[in-house]
Amino acid sequence: MIDLNLLRENPEAIKASQRARGASQELVDQAISADTAWRQNLGAFEALRAEQNAFSKQVAAAPKDQKQALVAQAQELSARVKAADAAATAAQQELDTLIWKIENVVMPDVPMGGEDDFKLVKEVGSKPVFDFEPRDHQELGELLDIIDITRGTKIAGSRFYFLKGMGARLEIAMMNMALDQAAAAGFTALITPTLVRPEVMAGTGFLGEHADEIYYLPADDLYLTGTSEVALAGYHRDEIIDLEDGMLRYAGWSTCYRREAGSAGKDTRGILRVHQFNKLEMFVYAKPEDAEAEHQRLLALQEQMLQKCELPYRVIYTAAGDLGSSAAAKYDAEAWVPTQDAFRELTSTSNCTTFQARRLNVRYRKEDGKTAPVSTLNGTLATTRWLVAILENHQQADGSVRIPEALRPYLGGQEFITPKPAKAGA
RNA sequence: GGAGACGUCGCAUAGCCCGGUCGAGUGCGCCUCACUGCUAAUGAGGUAACCAAGAAAUUGGUUCGGAGGUUCAAAUCCUCUCGUCUCCGCCA
């Protein structure tokens with residue numbers, strides 16, 4: 001939710017942001033008139049209510065024989081109060097629906113435009129050169145017997161898979177390495193609920209634009225979360241948190257579920273885009289003045305992970321139109337996927353400024369003792385998708401895969417994943 | 001799954017039966033002052049959040065888990081809902 005004061009004092013800033021996103025500017029004008037109407041209605045109601053409260057005290061103090069007459073008067077007043085109350089409530093609802101539709105105000109340096117209008121920040125590492133025809137991760141997965149898509153599909157349908165043997169262990173190793181790194185950087189580990197109530201899903205904004213993407217369990221009226229961000233953002237909901245000793249940093253470990261309804265036919269091969277995967281997500285509650293520096297720090301942590309996995313990658317600064325509605329700025333790190341001859345997104349980190357916290361009502365106490373909304377930030381540190389890049393970039397001519405050094409301690413020192421030896425006589 | 005109890009201002013509780021004098025008492029914690037003087041005791045006062053108006057002091061309003069309802073008036077009565085606890089049953 002945007003800041004109402006900003007709407008009143010500098011609506012042009014919000015309009016400019018909406019324009020950069022390619023979102024509606026008209027909404028801003030509508031919200032301003034709704035705000036004015038609401039405040040008028042509220043003032044009228046409050047004056048009437050004050051009258052009623054004063055009158056009510058008279059009634060209470062009046063001697064018995066006068067009560068009857070006073071009550072009769074009060075009835076008439078009560079009716080007017082009810083009407084004014086209803087009008088004020090309606091005006092507020094109107095304002096609310098409008099204000100919730102306005103997206104977060106983007107940072108001034110965010111490029112205008114859509115998905116392809118990003119700013120390239122950097123490219124790191126060199127793309128592997130193969131003197132053989134590289135296999136894609138699905139082929140490697142089958143050859144090494146570490147990814148079983150056929151059986152995943154058999155038991156759960158398309159976009160499901162089994163990670164088997166070293167495949168399963170590789171994912172756990174990577175997740176563990178990420179968790180260790182996060183812990184060293186001051187993040188508290190959290191294993192989060194993956195089923196949440198409707199109000200939490202709505203409160204974090206995912207029921208809006210992502211509604212199609214979400215699994216829902218009608219028998220229990222619960223939603224499966226597509227990221228632990230939902231639980232992590234809701235964690236301190238309606239709280240005044242203490243940021244005196246520094247920001248609150250969490251590393252959420254969870255399985256994520258996505259319907260991928262809008263991506264039929266896209267990335268159907270392998271495990272690049274699946275209905276269920278694991279993810280380690282960083283989430284930070286910070287004072288607004290510290291948010292930008294922390295955003296850079298999250299990106300640095302992501303890069304550190306990518307480098308430990310010895311992956312060539314690039315960092316892009318997303319354009320306004322490709323930002324989530326609560327993000328003011330976002331960096332994506334994309335790893336090189338050789339068989340696709342393309343960079344594919346492995347991590348994403350967003351600075352949501354105070355937008356998300358305002359909606360979730362998470363505040364802190366400032367020096368002057370007043371409360372103010374905090375800033376929230378999030379960023380991916382590892383997901384199942386990373387396996388795609390690891391397998392493809394580190395493959396050898398015989399189909400074996402070299403394990404990046406940093407991961408080896410998590411795999412008993414093992415250096416390669418090798419194909420099963422062919423059975424004798426086969 | 002069955003039965004019951006409970007949810008009040010940081011924490012612990014009073015108030016609810018018998019609606020108005022309750023936005024709400026007490027204890028603890030915390031803050032300020034006084035006194036004493038020594039890492040304390042005692043006394044006095046203060047101590048929620050949110051919204052609107054205002055330059056501000058301040059004023060008005062809302063909030064007693066949440067949502068509805070009854071009433072001139074709801075912490076208090078009614079309905080639903082969420083949560084916690086206890087006992088019983090059942091069981092990965």
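What you see is a predicted model; the values in this text were computed from it and never measured. Each chain gets a letter, A, B and so on, in the order the sequences are listed, and its residues count up from 1.
- Ring pair Y331(A)/Y317(A) is tilted by interplanar angle, where 30° to 60° counts as tilted.
- Applying the Watson-Crick and G-U wobble criteria (two distances, each under 3.5 Å), rC90(B) pairs with nothing in any strand.
- Between the side chains of S326(A) and Q356(A), no donor-acceptor pair is found at a separation under 3.5 Å.
- The partner of rC50(B), taking Watson-Crick or G-U wobble pairs whose two distances both stay under 3.5 Å, is rG61(B).
- For the 3.5 Å distance criterion, the side chains of S17(A) and E103(A) fail to qualify, holding no donor opposite an acceptor.
- In this structure, S56(A) reaches the bases: a heavy-atom distance under 4.0 Å links it to at least one base atom across the strands shown.
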Test log, rule side chain to side chain donor-acceptor pair (under 3.5 Å), inputs S348(A) and D332(A): CA-CA 4 Å; S348(A) 175; D332(A) 285 352; 3.1 Å; yes
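- In this structure, A74(A) and N361(A) both approach RNA chain B, and ranking their closest nucleotides by distance from the 5' end singles out N361(A).
- Across the C1' atoms, rC6(B) and rG66(B) are found 16 Å apart, a figure rounded to whole Å.
- Separating the C1' atom of rA12(B) from that of rG4(B) is a span of 24 Å, rounded to the nearest Å.
- Across the C1' atoms, rG65(B) and rG61(B) are found 22 Å apart, a figure rounded to whole Å.
- If A47(A) and V59(A) are placed on RNA chain B by their nearest nucleotide, the residue sitting closer to the 5' end is V59(A).
- Under the Watson-Crick or G-U wobble criterion, with both distances below 3.5 Å, rC22(B) has no partner in any strand shown.
- Pair check for rU32(B) finds rA44(B); Watson-Crick or G-U wobble, both atom distances under 3.5 Å.
- Classification of the H236(A)-Y250(A) ring pair by plane angle, with boundaries at 30° and 60°, yields tilted.
- Across every strand in view, rU39(B) sits unpaired, with no contact that passes the Watson-Crick or G-U test at under 3.5 angstrom.
- Contact annotation for R80(A): no contact, since no heavy-atom pair falls under 4.0 Å across all strands.
- Side chain of E392(A) to main chain of H137(A): a donor-acceptor pair is present (N/O by atom type, distance under 3.5 Å, no hydrogens or angles).
- Comparing the same atom, P, in rG20(B) and in rA56(B) gives a spacing of 38 Å after rounding to whole Å.
- As judged by a 4.0 angstrom heavy-atom cut-off over every strand, Q52(A) is placed among residues touching the sugar-phosphate backbone only.
- Look at the P atom in both rC38(B) and rA44(B): the space between them is 23 Å, to the nearest Å.
- Boundaries of the chain A contact region on RNA chain B are rG20(B) to rG83(B), first to last in 5' to 3' order (nucleotide atom under 4.0 Å from a heavy atom).
- One P atom belongs to rA40(B), the other to rU32(B), and the distance between them is 14 Å to the nearest Å.
- Base pairing of rA56(B) is not made with any nucleotide, judged by Watson-Crick or G-U wobble geometry with both donor-acceptor distances under 3.5 Å.
- Under the Watson-Crick and G-U wobble criteria, each requiring two contacts below 3.5 Å, nucleotide rG27(B) is paired to rC11(B).
- To the nearest whole angstrom, the two P atoms, one in rU47(B) and one in rA52(B), are 23 Å apart.
- Pair assignment for rA75(B) gives none, since no Watson-Crick or G-U wobble pairing has each distance under 3.5 Å.
- Note: F160(A) and H275(A) have tilted aromatic rings, judged against thresholds of 30 and 60 degrees for the angle between ring planes.
- Residue R8(A) is in sugar-phosphate contact alone, with no base atom involved, counting any heavy-atom pair closer than 4.0 Å across all strands shown.
- For the 3.5 Å distance criterion, the side chains of K279(A) and T380(A) fail to qualify, holding no donor opposite an acceptor.
- Atom name P, nucleotides rA34(B) and rC77(B): the rounded distance is 47 Å, in whole Å.
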